[in-house]
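Values in this document were obtained by computation on a predicted structure and should not be read as measured data.
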There are 2 protein chains.
Amino acid sequence: MKKITMQDVAERAGVSSKTVSRVINNEPRVSESTRKKIQQVIDELNFQPNKSAQSLAADRSLLLGLLYDNPSSAYIINLQAGVLDACNEFGYGLVIHPCENNSPDLLPKLRNLLASSRMDGLVLTPPMTENRQLLDFLDSNSTPYVLITPLNLEQSCPLVSIDDVMAARQSIQHLIDFGHKRIGLILGARERSGTEMRLLGYQQALEENNIPFDEGLVVQGDFTFESGVTAGLQLLRQPQPPTAIFASNDYMAAGVMKVASQLRISIPYELSVCGFDDTPVARYMTPTLTTVRHPVEQLAQHAGELLIRKLKKHLERSESEELHSELIVRESTGPVAKP
Amino acid sequence: MKKITMQDVAERAGVSSKTVSRVINNEPRVSESTRKKIQQVIDELNFQPNKSAQSLAADRSLLLGLLYDNPSSAYIINLQAGVLDACNEFGYGLVIHPCENNSPDLLPKLRNLLASSRMDGLVLTPPMTENRQLLDFLDSNSTPYVLITPLNLEQSCPLVSIDDVMAARQSIQHLIDFGHKRIGLILGARERSGTEMRLLGYQQALEENNIPFDEGLVVQGDFTFESGVTAGLQLLRQPQPPTAIFASNDYMAAGVMKVASQLRISIPYELSVCGFDDTPVARYMTPTLTTVRHPVEQLAQHAGELLIRKLKKHLERSESEELHSELIVRESTGPVAKP
DNA sequence: CTGAAAGCGCTTACAG
DNA sequence: CTGAAAGCGCTTACAG
């Protein structure tokens, strides 16, 4: 199984290797007839250009990097799947990079990774999307990147995000539709920009239904199971406890369910619990957890495509023009899995 | 931030680029003094060799591929982490490749992936490790690979595995230690070689404790939550139901817990349930699931290191010598998380 | 132990 | 619209 090179294709098609290169890279200025002929030979020989040679000559690695620091493995898998889709579509490879946002050697490590792997661009997810130091480093390094993150109007760089306000509002509306009036809210980590948006969505839903806002029903969590337990206790031990609780992720919701079980509060008869993420945890719990599906895979795919497009523009216009920051807002699909 | 090349290092160190190359690749036949000097310059300049150039010149991609087809995201994350550790240690990159073992275009896709990414070797996980067609393809292609799979004596290729017999035996012993005598066993998919080993371990544990083997207590599952539900029903509706059930993974164990809840059987008072995998699902369920930790990450790291070593030998001896199949057997750590 | 030359398979920059 | 030449940054094979 000898390796087939562009040279082989060129000879067989009776053209120069440069022209083959043009066809492979979809460059214009090739007559339709030669293009056709060359494409035919490429298919016949099942020719695949050598990535290493391409990278070396064009000084781009054809590699995207994906940075994440998130305990939910289901989330990461979806994330990877989405970015991989985009990569496969455009002939890019993907370098995954689990990291620790708070580690002091995050930047040095990233520097090394960039230097050795020479990734052309990065897809960032929370909490790295809110790490100023990291973003500044990438800017100074002129490494292109795209964020997957809750909408933040202060950012001027390309990002894709779901509408967190809408997602929360829909979920709360869902609970209201089931007749709930006292609805507890467990927020995620305070520093995340998505957190206040969920609160906003919660408040909007209440307002639209003329339900007074009760501060005592809103509790701070940090996305962990344990914080869900603590928050759940705080909510359920009140003299007038909520009849429904919306948690900002499934792990915290699982924590609430644990508390409910300990307090002998029956779900869903005495308490409705709604999570956010649609992880497998939710599906396999007893009773099943109502949860909101987060279209992570599509988001990630968009992010990947956006990044690749950005890289292309980068090349064509040789940095002469500022890129518009693109924004894709997608709605959550509303709660799935009724209790 | 101009890129630093081997040439720069060579000039600054007053040697030829070839000698720098020798130092980078840890080749012998370099005097200690020059090696030191060159290393010093490398550190000063923070030089990182260009992977694309290395790949092109040496005709190896410095890339490992990881193939998996498994619904458990927690398992995959651990798998990736382990192989990544090995990759980082030896300057390799990792290409992840989620795939469908039963898809008819698995092989064509893999062929393309190999042709375009030129991965130097593959790490395979079940069920691909038992896909004869796939293995034959890789052999005919002389693509090196390492399997992470239950011990299978028919395989003559490098593999790492846990001792499934031992793992099952320990778990059952654990249940026996708690006083159980009627213990249900839910097996995984029939075609997996690990399945019969778990059965063997189960039988051994019973035998050692003089508990008669009752065929009615062994039920076939297929690793899904739903099969756990079905198997759980089958076991718990018997006239003399088991007081403990060992399921071959956590999803099936979760299924059993669901059934128990529906049948109003109290866990852990009337029934003990033990899973296998130590997924987050187990930690977050109410009541918590007893489960066996599977040292996936270490296994994966070993697999990665084994593969990289194999690639090196491949080079040195230029295929003249048959590789010994190496085998690493690690014990499970026994059940964690008491109910 | 060290080095000069050629080459890996592409793309870039330039011509025509 | 097409091509000949040079070069990307390394390693290989060969000398000495």
Open item on the list: Walk me through whether B:L135 and B:L124 qualify under side chain to side chain contact (heavy atoms under 4.5 Å, CB included).
Closed with: CA-CA 10 Å; B:L135 298 181; B:L124 304 184; 3.5 Å; yes
- [ ] Could you give me the CA-CA distance, side-chain angles and deciding distance for A:D43 and A:Q39, then say whether side chain to side chain contact (heavy atoms under 4.5 Å, CB included) is met?
- [x] CA-CA 6 Å; A:D43 294 341; A:Q39 188 57 54; 3.1 Å; yes
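B:S52 comes within contact range of no nucleotide atom at all, as no heavy-atom separation falls under 4.0 Å. Residue contacts for A:S55: at a heavy-atom cut-off of 4.0 Å it reaches no nucleic acid atom on any strand shown. At a threshold of 4.0 angstrom between heavy atoms, the contacts of A:D59 with the nucleic acid are absent.
Checking side-chain atoms of B:T125 against main-chain N and O of B:L147 turns up no donor-acceptor pair under 3.5 Å. With A:N25 contributing its side chain and A:S21 its backbone, the two residues share a donor-acceptor pair below 3.5 Å.
The shortest distance between side-chain heavy atoms of A:F47 and A:I24 falls below 4.5 Å.
Counting to the nearest Å, the P atom of D:dG7 and the CZ atom of A:R60 are 22 Å from each other. Rounded to a whole Å, the NZ atom of A:K37 is 18 Å from the P atom of D:dC1. Atom pair A:L56:CG and C:dC10:P shows a separation of 12 Å (rounding to whole Å applied). One atom, CD of A:Q7, and another, C1' of D:dA5, lie 13 Å apart when rounded to the nearest Å. Atom CE in B:M6 sits roughly 14 Å away from atom P in D:dC8 (whole-Å rounding). At whole-Å resolution of the value, CZ in B:R22 and P in C:dG3 are 8 Å apart. We find that CD1 of B:I4 is positioned 17 Å from C1' of D:dC8, with the value rounded to whole Å. Regarding A:E27, its CD atom lies at a distance of 12 Å from the P atom of D:dT2, rounded to whole Å.
Of all nucleotides listed (C:dC1, C:dT11, D:dT12), C:dT11 comes nearest to the side chain of A:N25. Here the nucleotide nearest the side chain of B:K18, chosen from D:dT11, D:dT12, C:dG9, is D:dT12. The side chain of B:A57 approaches C:dG7 more closely than any other nucleotide in the set D:dC8, C:dG7, C:dT2. Of the listed nucleotides (C:dT11, D:dA4, D:dC1), D:dC1 has the atom at the smallest distance from the side chain of A:T34. Comparing atom distances between the A:Q54 side chain and each of C:dC10, D:dG3, C:dT12 picks out C:dC10 as nearest. Of the candidates D:dT12, C:dC10, D:dC10, D:dC10 carries the atom nearest the B:P49 side chain, counting heavy atoms from C-beta on. When distances are taken from the side chain of A:T19 to each of D:dA13, C:dT2, D:dG3, the shortest belongs to D:dG3.
Pair assignment for D:dA15 gives C:dT2, based on Watson-Crick or G-U wobble hydrogen-bonding distances that are each under 3.5 Å.
Salt-bridge check for A:D8 with A:R12: failed, with every basic side-chain N at 4.0 Å or more from each acidic carboxylate O.
Nearest-nucleotide assignment on DNA chain C puts the 5′-proximal partner with B:R35, out of B:R35 and B:A53.
Taking 4.0 angstrom as the limit, A:N50 places none of its side-chain polar atoms (N or O) nearer than this to OP1 or OP2 of C:dC8. At D:dT11, one or more side-chain N or O atoms of B:S21 fall inside 4.0 Å of OP1 or OP2 (strictly under the cut-off).
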